[in-house]
2 protein chains.
Amino acid sequence: MTERPKAAATKARILEAALDLFRERGYEAATMRAIAERAGVALGNAYYYFGSKEHLIQAFYDRTHVEHVAAVGTKLDDLKDLKSRLLWVMRKKLETIEPYHRFAGLLFRSAADPNSPLNPLSTESQPVRREATEVFRRVVEGSRRRISPELRAELPNLLWLYHMGIVLFWIHDTSKGRRRTWRLMERSVDLIVKLVGLASLPLMGPVRRAALRIVEELRDSAEKSAA
Amino acid sequence: MTERPKAAATKARILEAALDLFRERGYEAATMRAIAERAGVALGNAYYYFGSKEHLIQAFYDRTHVEHVAAVGTKLDDLKDLKSRLLWVMRKKLETIEPYHRFAGLLFRSAADPNSPLNPLSTESQPVRREATEVFRRVVEGSRRRISPELRAELPNLLWLYHMGIVLFWIHDTSKGRRRTWRLMERSVDLIVKLVGLASLPLMGPVRRAALRIVEELRDSAEKSAA
DNA sequence: GCACATAGTTGAACGTGTTCAAAAACTACC
DNA sequence: GGTAGTTTTTGAACACGTTCAACTATGTGC
């Protein structure tokens, strides 16, 4: 059960080979045989460490998340208002994933499949999702904006969902330098901040509660289905 | 080029076999070999009529849309306010797709893949998407609610997107009788109608315009990438 | 009726992701 | 250092989606 050092090295070599080939050739062209060959192991060995090809993407997913957190860094603490904080985090996200644009499509192909371990709502990816939401919690909590407590509690989840939407758009975006995604991201961040402001008006009480109840329900279901 | 009657019969037989097997066994278990066998044709023949297994899903997609339109029927014309109209259409949608719950997951697996013909934004599925949006245009135009012209023009697209979101949730929903989805749908329809009301307040001008500009951009990109 | 072209059909073959029984390498204990 | 047990590695084998060259059926012009 305990992982021996040599095993860890083999596992790492397979993962590196996979990520390299994903980058170089895209997902489909990076066959398990090619990955195994580049890693210098037999085909079956790759399956000893990664239960399926999708598990290799899960590993990629983990990695970009770590890179993203590193890119966000402590600079986030210097920014005080919600808008600039959210902008910063989103920018770093887009920068982080850019090198993987060629193969990321396949990630989201399976991300929508309820049976896939890659599904963001599945048990297997729950830790990553939690951590990713954590980044947005930082965004919200560090801002000096006054937000009603119920909204404050739910906003990180909403922002995580929003960020998934942007990434989905990014996948389809073939514009030069992914300009469309950047513009959409900047404009939508602007809108979101406006909406958060609106939602805090006293008049909005009933609507806000109706919306929050729905969000809560979404989250509940996600956790229940992952159980 | 012109389709002969016998060919049409063969094609129909293959499609029926496919849909039957999808329903019975789910998507993965319904292999192309099994489909061909049940249809009484050779394996290669299925590919003569349907370029790939995903094209068979496209056909399923078309069919549920037709069924949905039929289920919506003329009853829609009797309903006058936006909420009951939208509710009616959404209910019929959920009822229409229910028999296919077992295999619909795979539909959305590829729906998110930019290279898949199934992607709702791809060229191949553009006709269905247009038609599906048409249903929501009926919903909006037949209602007596006063809506600003810009929003009125964009709302059908937004509702189509919303309905895709509900279907996505439905796919993951394992609750009995899909109760969670129904509840979410009813509550979110309520919220949407509330929001449409809010958006018509004079104060909301700037926010509404900001939101609409984003939606427009989304639509532009979708059409450009499908070109 | 015959020749020709087009439409429709076949099944073997390819490369893929995945599985698994067996072999090899390693560790722990005497 | 030999033996038993465990971890790691191997590669052949399987079922799948897909392709394609060859074959058959059907319609068309004379």
Side-chain angles (χ1 to χ4, degrees), chain A residues 1-19 21-22 24-60 103 105-107 109-110 113 115-118 124, chain B residues 1-19 21-22 24-60 103 105-107 109-110 113 115-118 124:
Chain A
M1 212 19 82
T2 57
E3 205 170 57
R4 265 109 90 149
K6 193 178 167 192
T10 307
K11 184 173 181 177
R13 239 177 329 125
I14 293 169
L15 180 55
E16 289 314 312
L19 293 179
L21 285 172
F22 285 159
E24 284 173 30
R25 309 188 194 170
Y27 181 79
E28 325 233 271
T31 68
M32 290 300 277
R33 284 168 179 78
I35 291 168
E37 190 182 6
R38 175 166 302 201
V41 300
L43 174 59
N45 200 211
Y47 284 91
Y48 182 72
Y49 291 104
F50 301 92
S52 75
K53 200 176 177 184
E54 290 193 341
H55 281 82
L56 280 167
I57 312 190
Q58 173 79 266
F60 150 80
F103 98 94
L106 271 289
L107 193 158
R109 164 193 269 263
S110 21
D113 174 7
N115 301 317
S116 161
L118 249 190
E124 298 189 55
Chain B
M1 219 11 91
T2 56
E3 205 169 58
R4 265 109 92 149
K6 190 177 167 195
T10 308
K11 185 173 180 178
R13 241 180 325 129
I14 293 169
L15 180 55
E16 288 315 311
L19 292 180
L21 285 173
F22 284 160
E24 284 174 29
R25 310 188 194 170
Y27 180 81
E28 325 234 89
T31 69
M32 289 301 278
R33 283 167 179 80
I35 291 168
E37 189 181 4
R38 175 167 302 202
V41 299
L43 174 59
N45 199 210
Y47 283 92
Y48 182 73
Y49 291 103
F50 300 92
S52 75
K53 200 175 177 185
E54 289 194 342
H55 281 82
L56 279 167
I57 311 191
Q58 174 79 264
F60 149 79
F103 96 93
L106 271 290
L107 194 158
R109 164 195 267 264
S110 21
D113 176 7
N115 302 316
S116 163
L118 250 190
E124 297 187 57

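Chain A is the first sequence line, chain B the second, and so forth, proteins listed ahead of strands; every chain is numbered from 1.
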Could you check how far [atom1] of [X] sits from [atom2] of [N], rounded to whole Å?
| X | N | atom1 | atom2 | value |
| --- | --- | --- | --- | --- |
| Lys53(B) | dA15(D) | NZ | C1' | 12 Å |
| Asn45(A) | dC26(C) | CG | P | 13 Å |
| Leu43(B) | dA15(D) | CG | P | 15 Å |
| Phe50(B) | dG17(D) | CZ | P | 15 Å |
| His55(B) | dT18(D) | NE2 | C1' | 13 Å |
| Tyr48(B) | dA21(D) | OH | P | 16 Å |
| Met32(B) | dA13(C) | CE | P | 20 Å |
| Ile35(B) | dG17(D) | CD1 | P | 7 Å |

* Asked: Between Thr10(B) and dT9(C), does any side-chain N or O lie under 4.0 Å from OP1 or OP2?
  -> yes
* Verify the contact: side-chain N or O of Tyr47(B) to OP1 or OP2 of dT10(C), cut-off strictly under 4.0 Å; return yes or no. => no
* Asked: Can you find a donor-acceptor N/O pair under 3.5 angstrom joining the side chain of Arg33(B) to the base of dG17(D)?
  -> yes
* Looking at the side chain of Thr31(A), which of dT16(C), dT18(C), dG8(C) is the nearest nucleotide? -> dT16(C)
* Go through dT18(D), dT10(C), dT9(D) for me and flag the one nearest to the Tyr49(A) side chain. => dT9(D)
* Evaluate the side-chain proximity of Asn45(B) to Tyr49(B): yes if any heavy-atom separation is below 4.5 Å, no if none is. => yes
* Asked: Checking Arg25(B) side chain against Ala30(B) main chain: does a donor-acceptor pair fall under 3.5 Å?
  -> no
* Asked: Out of curiosity, Phe22(B) CZ to Leu15(B) CG, how far, rounded to the nearest 0.5 Å?
  -> 9.0 Å
* Asked: When rounded to the nearest 0.5 angstrom, what distance separates CZ in Phe50(B) from CD in Gln58(B)?
  -> 11.0 Å
